[in-house]
Enquirer: 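I have a structure here, written as structure tokens, and I will follow up with some questions on it.
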There are 4 protein chains.
Amino acid sequence: MNKTDKRMRIIEAAIQVFAREGLVKGKIVDIAKEAGIGKGTVYEYFRSKEEIFSAIEESLMDNIFQALEKIAATSLSPAKKLEAIMNKCIYQIVAMGHGLLIVTEIWAQAGREHWHTHQPANLAGKYDRFRELIVRILRQGIETGEFRPMNEDGVATLLMAFIDGLSWQYVLLRDSKRFWEIKTEAVRSFMKGIER
Amino acid sequence: MNKTDKRMRIIEAAIQVFAREGLVKGKIVDIAKEAGIGKGTVYEYFRSKEEIFSAIEESLMDNIFQALEKIAATSLSPAKKLEAIMNKCIYQIVAMGHGLLIVTEIWAQAGREHWHTHQPANLAGKYDRFRELIVRILRQGIETGEFRPMNEDGVATLLMAFIDGLSWQYVLLRDSKRFWEIKTEAVRSFMKGIER
Amino acid sequence: MNKTDKRMRIIEAAIQVFAREGLVKGKIVDIAKEAGIGKGTVYEYFRSKEEIFSAIEESLMDNIFQALEKIAATSLSPAKKLEAIMNKCIYQIVAMGHGLLIVTEIWAQAGREHWHTHQPANLAGKYDRFRELIVRILRQGIETGEFRPMNEDGVATLLMAFIDGLSWQYVLLRDSKRFWEIKTEAVRSFMKGIER
Amino acid sequence: MNKTDKRMRIIEAAIQVFAREGLVKGKIVDIAKEAGIGKGTVYEYFRSKEEIFSAIEESLMDNIFQALEKIAATSLSPAKKLEAIMNKCIYQIVAMGHGLLIVTEIWAQAGREHWHTHQPANLAGKYDRFRELIVRILRQGIETGEFRPMNEDGVATLLMAFIDGLSWQYVLLRDSKRFWEIKTEAVRSFMKGIER
DNA sequence: TATGAATGAGGATTCATTCAT
DNA sequence: GATGAATGAATCCTCATTCAT
């Protein structure tokens with residue numbers, strides 16, 4: 001097994017552990033056990049616990065982002081693309097289960113640092129990247145006349161906010177039937193809000 | 001100063017400290033210092049750090065919830081009420097600043113417990129209480145013909161999701177000008193999505 | 001209620017609490033509750049927790065010692081006196097129940113201090129007082145010819161050791177039937193050991 | 001140094017510290033220092049302070065018990081065996097010095113738990129094991145006609161009580177000359193009490 | 001490269017004691 | 001005299017990280 005594979009395996013183990021225990025209670029030794037390696041070995045691949053956090057976030061975000069770009073590159077109509085993106089995100093979230101909570105905690109931490117250091121959060125960049133992807137699709141739709149004229153940035157933000165919030169609902173409700181009903185109506189409302 | 005006032009003062013101090021340091025790094029001794037009392041005194045008012053978390057969440061949520069109920073009780077039109085509620089929430093969030101991160105962390109914790117214990121999270125109850133308030137307004141609007149027929153639960157969830165998500169945007173962007181533009185467009189989109 | 005009565009009440013409360021919880025886990029506030037007074041009031045009657053320990057020991061020992069002196073002053077034969085004393089001690093111990101454990105802990109503490117400070121333990125004095133009482137009776141018995149000649153000090157010590165040890169048996173066995181059988185045989189053996 | 005040796009070294013360090021300071025005042029960090037290791041290392045070998053208590057007791061008791069079984073297995077006459085056992089116990093106690101106080105405190109704690117939980121104390125089992133060893137020797141002596149007929153259980157208890165009690169005398173008197181005189185007479189009295 | 005034994009900084013919590021009312 | 005709110009010293013235990021093997 002090469003270096004990258006093992007790194008990946010540790011990340012996956014870490015996701016399991018942190019999802020189960022939380023960022024703070026999740027111990028390095030447990031990650032090692034979950035990955036089937038020794039505690040010390042973790043430090044051959046990551047400089048610190050902190051670095052594992054970043055790696056997890058990167059991994060999780062990259063996964064989802066690549067999927068979204070694939071959708072954006074299809075020849076679907078803008079409206080269909082948007083729906084597909086929303087659905088993809090939501091499916092991904094459901095698949096992550098409460099692993100979402102990890103990302104939340106990581107972001108909360110990042111947010112706090114951002115607040116103090118006044119450094120533009122790395123996270124903000126990711127949001128922007130996502131937002132741009134949405135904005136592009138919205139503009140296409142406006143050009144084709146499918147969507148009404150709008151402040152594309154604002155609407156993109158609405159969409160992202162909507163996905164974020166929906167994730168929480170899922171974690172808290174976890175009552176799948178109700179969740180899917182809600183989700184369907186929520187998507188419909190959103191689409192209606194931007195149609196011409 | 002009576003017992004309740006002092007409890008409140010500790011809660012406020014705790015919010016300061018946790019917002020600055022995070023739930024884990026925020027030390028009891030710092031809370032005590034912030035409140036201008038001795039470390040031991042904190043334990044006269046709260047059994048444990050955990051109990052402070054709950055108290056903070058309760059306090060923060062109650063604050064916002066009472067404000068919303070006041071709005072719901074006015075004689076505004078349903079559409080105006082909804083806009084007022086969204087705005088109130090967002091202002092509140094901005095006012096909380098990154099104190100929002102505390103609530104997020106507390107919720108992440110609660111979510112994890114909920115996931116493991118399969119106990120209905122206390123939090124879910126709060127979401128429901130909020131959702132019901134929204135649903136009531138939506139129904140009024142449908143009756144008056146302002147709003148289109150809809151799955152009220154789904155739309156209410158969308159609204160909540162939108163507010164949750166927008167909070168995050170604020171924490172991460174903190175670029176007020178852009179945030180307010182986004183917010184304005186987002187509210188408009190949402191309202192358009194439900195109008196007749 | 002006068003000062004002495006209240007002091008006594010606190011001592012009794014303390015015995016209850018310490019017997020239940022141990023010397024260290026037994027809290028001043030619990031003693032106060034048990035005595036039906038305020039925490040601060042305890043300090044009107046005792047300078048410190050330490051002082052309560054001493055008072056308890058004194059109280060418990062005085063009780064038993066007075067009873068023994070009463071027996072010593074009777075006109076029973078030396079052998080009968082000795083038996084009566086052993087029985088009285090044992091009954092007292094049983095009556096104290098695991099309150100004996102308090103005395104043990106107090107003594108262990110005293111023993112340690114004695115060891116370090118090289119001060120003659122106050123306790124040693126009490127042992128001597130008890131030993132002298134026994135020695136007096138043994139000498140009477142030797143004079144009357146009931147007892148064999150012996151090193152009275154050694155035998156008195158044996159008797160005390162025997163009572164101490166039997167107390168432990170009771171605490172540990174607490175199986176009354178077996179305890180009383182053992183006690184009867186033990187007393188018989190002891191008496192046989194000193195008879196002419 | 002292997003795992004067991006190190007465990008043993010910690011136990012020995014703990015005995016030193018607890019004997020000096022008492023069970024409660026004796027700090028883990030002091031044990032570590034005494035053992036020449038880091039504080040955290042102690043917890044690699046023992047789950048908690050409580051577990052150290054148990055280990056000490058076990059170690060101390062096993063030591064003495066093995067010695068006694070060796071005596072019991074010799075070809076000495078029953079009377080000589082009994083004397084040897086008493087002497088061995090007493091020498092051991094003297095060797096332990098005020099380390100005896102640790103055992104006392106541990107037992108006091110155990111006794112209290114026993115009292116509350118109504119669980120047969122582990123300690124009771126150890127007493128029984130000791131008692132059986134004595135009873136076996138007493139029966140041998142009765143068979144050979146060296147000892148008078150007796151309730152063997154009762155006499156065994158007397159012997160144990162005598163040893164327990166004598167230990168205390170030593171801790172409190174620590175005046176060796178007097179102690180040894182007393183001990184000699186006490187053993188003689190005991191033996192006389194059971195001879196035919 | 002892999003390991004896990006060793007480490008010690010760090011923090012929540014307890015409770016005897018004080019003292020203003 | 002009686003009270004209990006306030007205090008902070010004291011200590012167990014956790015766990016990220018290091019490093020010798």
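FYI, side chains are in, hydrogens and waters are out, and symmetry mates aren't considered; it's all heavy atoms of this structure.
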Enquirer: Could you check if a side-chain atom of D:T104 sits within less than 4.5 angstrom of a side-chain atom of C:W107, using non-hydrogen atoms only?
Expert: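 Result no, sub-4.5 Å side-chain heavy-atom pair not found.
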Enquirer: Could you tell me the separation between the CG atom of D:L100 and the CE atom of D:M96, rounded to the nearest 0.5 Å?
Expert: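 Here the interatomic distance stands at 5.0 Å.
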Enquirer: Can you tell whether the side chains of A:E34 and A:R9 come within less than 4.0 Å, N to carboxylate O?
Expert: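 Here A:E34 does not pair with A:R9 in a salt bridge, since their nearest N and O are not under 4.0 Å apart.
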Enquirer: Rounded to the nearest Å, what distance is computed from the CG atom of residue B:D30 to the P atom of nucleotide F:dG8?
Expert: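 It is 15 Å, rounded to the nearest whole Å.
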Enquirer: If I take atom CD in residue D:E51 and atom P in nucleotide F:dC13, what distance separates them, rounded to the nearest angstrom?
Expert: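 Checked: the CD to P distance equals 10 Å.
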Enquirer: Could you tell me how far apart B:I10 (CD1) and F:dA5 (P) are, to the nearest whole angstrom?
Expert: 13 Å
Enquirer: Under the side-chain contact (heavy atoms from CB on, under 4.5 Å) test against B:Y45, which residue among B:I52, B:T4, B:I10 passes?
Expert: B:I10
Enquirer: Which ones in residues 31-49 of chain B lie close to DNA chain E, meaning a heavy atom under 4.0 Å from one of its atoms?
Expert: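 By residue number: B:K39, B:Y43, B:S48, B:K49.
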Enquirer: Kindly give the heavy-atom pair with the smallest separation between B:I56 and B:I15, and that separation in Å.
Expert: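 Where B:I56 meets B:I15 most closely, the heavy atoms are CG2-CG1, 3.8 Å.
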Enquirer: To the nearest angstrom, how far is D:D5 atom CG from E:dA5 atom P?
Expert: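 Rounding to the nearest Å, CG of D:D5 and P of E:dA5 are 15 Å apart.
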Enquirer: Can you pull the salt bridge (Lys or Arg N to Asp or Glu O under 4.0 Å) pairs that have at least one residue in residues 38-54 of chain C, sequence neighbours excluded?
Expert: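 Every pair satisfying salt bridge (Lys or Arg N to Asp or Glu O under 4.0 Å) with a residue in residues 38-54 of chain C: C:R47-C:E51.
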Enquirer: Tell me, do C:I11 and C:F46 make a side-chain contact under 4.5 Å, heavy atoms counted?
Expert: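 In short, these two side chains touch, coming nearer than 4.5 Å.
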Enquirer: For DNA chain E, what are the stems built from at least three Watson-Crick or G-U pairs in a row, each pair having both distances below 3.5 Å?
Expert: E:2-21 with F:2-21
Enquirer: If I compare all heavy atoms of B:S59 with all of B:M8, which pair ends up nearest, and what's the gap?
Expert: OG-CE, 3.5 Å
Enquirer: Between atom CD1 in A:I28 and atom P in F:dT14, what is the gap in whole Å?
Expert: 17 Å
Enquirer: Which residues satisfy the ring pair (Phe, Tyr, Trp, His ring centres under 6.0 Å) test with D:F53, sequence neighbours excluded?
Expert: D:F18
Enquirer: Please list residues of residues 14-27 of chain C whose heavy atoms come under 4.0 Å from any atom in DNA chain E, ordered by number; otherwise none.
Expert: C:G26, C:K27
Enquirer: Should A:K33 and A:K27 count as side-chain neighbours, where that means a heavy-atom distance under 4.5 Å?
Expert: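 A side-chain contact is absent here, since even the closest heavy-atom pair is not under 4.5 Å.
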Enquirer: Please enumerate all residues that pass salt bridge (Lys or Arg N to Asp or Glu O under 4.0 Å) together with B:E12, with sequence neighbours excluded.
Expert: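 Salt bridge (Lys or Arg N to Asp or Glu O under 4.0 Å) check on B:E12 returns nothing, list empty.
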